[in-house]
Amino acid sequence: VLVGGSFPSYATTASNNLARVMPNGKIDTSFTVKVGNGANKDVHTITVLPDKRIFIGGNFSAVNKEQRKNVAWLKSDGSVDPSWQIEFTLGQGQAVPSWIVYASELDSQGRMVVGGHLTAYNDQAGARSAFVRLNNTNGALDPTFTPNDLPQHSDVWDIAVRPDPKDHVLIVGDFPEAFVPRGANLAKLDPATGAVDESFDVGTGADAEVHAVLKLADEDVLVGGDFGKMDDIDRPRLAKLGPDGSLRDFVVDVSGGSVYALAEQADGKLLIGGDFTSVAGDGTYRGIARLEADGTLDTSFVLPGTIETVYVYYNPLKPWWGGYYTTQSTNGFDGCVHAIVTLEDGTILVGGEFAQFGGNPQNALALLNQDGSLNPLFSSANANIPSSGSVYSLTLLPNGKLVYSGSFTGEVACVNYDGTPDLNFTPADINGVVHSVSLQADGRLVIGGAFTSVAGEMRERVAVLNPGGDFHSAFDSAPGADS
């Protein structure tokens, strides 16, 4: 595993911003010897070619004391490849000093496409865009690849090559509509020329952050977040886009908060979760709601609780100042929903930062019936939900069991499909929050979070657990990256 970032050492071994880790988690010292002093500043992206050569990009100016501005090519053993020297301008050996590389990817023909941050360029510069394609032989810019020029202070943060008939390239980042005539912050590019595919039209895009994206069974895309408009059209916190980026006639008034979680049921109905306090003007839908496929509120999904009108004084100690009437709801969740999973029987498992559901205690994890009522299968009485803390991720295992993680005591837990605690799962002691869990092919669990030790052994932010939850000590990255 190749690791890049902003760190002076890995596993106590000096390895400036670049290291290779063996399958057992130990640092590969043979690679460290060859890469020498490493990169003298941050490494943001690493791509390995089929011939085992290694492309790195970032904000550095030298690798192992050899001048390499923002990009470099390494041999498989970590040594700098002297035959590969990029020229970003017409001047010999020069580069655009204000171009920082954040992303790299190979297209289907093995050509390297690179994106980053551009703060300035001139008409004579060989790289006029923060998105280019390079010649794999010597690192030269590919003159046949001519994407639209990105304006100053633009960013390309990530690149994906779509496995469609034309092998289109998708880029995401921070660039205004002036760059992409058919969209902002998301574009589809022709893989041969780099030109913007104007058939993918997202207009002016979202006017604030997008937290969740879900590809639907009908090939449309559902997005949720903080935004109020999509393509300058009102779409409060939720929007639906067609495969061509067009805005669907799918309007849902989500207010009082943001959308953080999305899920689609087998019948095509849509579940949304977050910290919002009403949907379609209905204050009974706090934290979660279910929509029909066309975006209308599914009123058969009824959340328990009550709504009452109360008078609130501006200053309770000085009631003569007056006050105002407002409504208070106990329906739904009293906090934020971070994860939603639909189960085979149609029930809905919800995880998040909440302490009540319908005005009654229900901390961090809840199972809802198809009608929105609480299923008592997951409860403190059954000892299968956290007594305190929050749940950030829900992971269904192939055997039907469920692993959830968060900031509760134990950080990771496993339950059977029927909700009973998995008595064979005994998690190791973890001293910090676990934000994510990923299942390996061998059944072990990779955990990531804010912890620094597992089972009393130092593990900086990443570790592996055996299927039973106990610590897999063979994966030992020692202290790992120190920041």
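Reckoned from all heavy atoms, side chains included, excluding hydrogens, waters and symmetry mates. Quantities reported herein were computed from a predicted structural model and do not represent experimental measurements.
Here CZ of Phe55 is found 6.5 Å from OG1 of Thr47. Values are rounded to the nearest 0.5 Å. Atoms CG and CG, from Asp470 and Asp429 in turn, are 13.0 Å apart once rounded to the nearest 0.5 Å. The OG atom of Ser76 sits 10.0 Å away from the CZ atom of Arg53 when rounded to the nearest 0.5 Å. Distance check: Leu74 CG to Lys52 NZ gives 15.0 Å after rounding to the nearest 0.5 Å.
Heavy-atom minimum distance, Ala261 versus Val337: CB-O, 4.3 Å. For Ile272 against Leu262, the heavy-atom pair with the smallest separation is CG2-CD2, 3.7 Å. Pairing each heavy atom of Asp249 with each of Arg235, the nearest pair is CA-NH2, 4.1 Å. Shown here for Tyr417 and Leu343, the closest heavy-atom pair between the two residues is OH-CB, 4.2 Å. Ser453 and Asn431 make their closest contact through N-OD1, 3.0 Å (heavy atoms, listed as atom of the first residue, atom of the second, distance). Residue Phe31 comes nearest to Ile54 through the heavy atom pair CE1-CD1, 3.8 Å, listed as atom of the first residue, atom of the second, then distance.
The salt bridge (Lys or Arg N to Asp or Glu O under 4.0 Å) search around Glu219 returns Lys215, not counting sequence neighbours. Partners of Asp220 under the side-chain hydrogen bond (donor to acceptor under 3.5 Å, both in side chains) rule, at least two apart in sequence or in another chain, are Arg248. Residues forming a side-chain hydrogen bond (donor to acceptor under 3.5 Å, both in side chains) with Arg20 (at least two apart in sequence, or on another chain): Asp28.
Ion pairing of Lys401 with Asp418 is absent here, as no side-chain N (NZ or NE/NH1/NH2) approaches a carboxylate O to less than 4.0 Å. Salt bridge Asp77/Lys75: absent, no basic N to carboxylate O contact under 4.0 Å.
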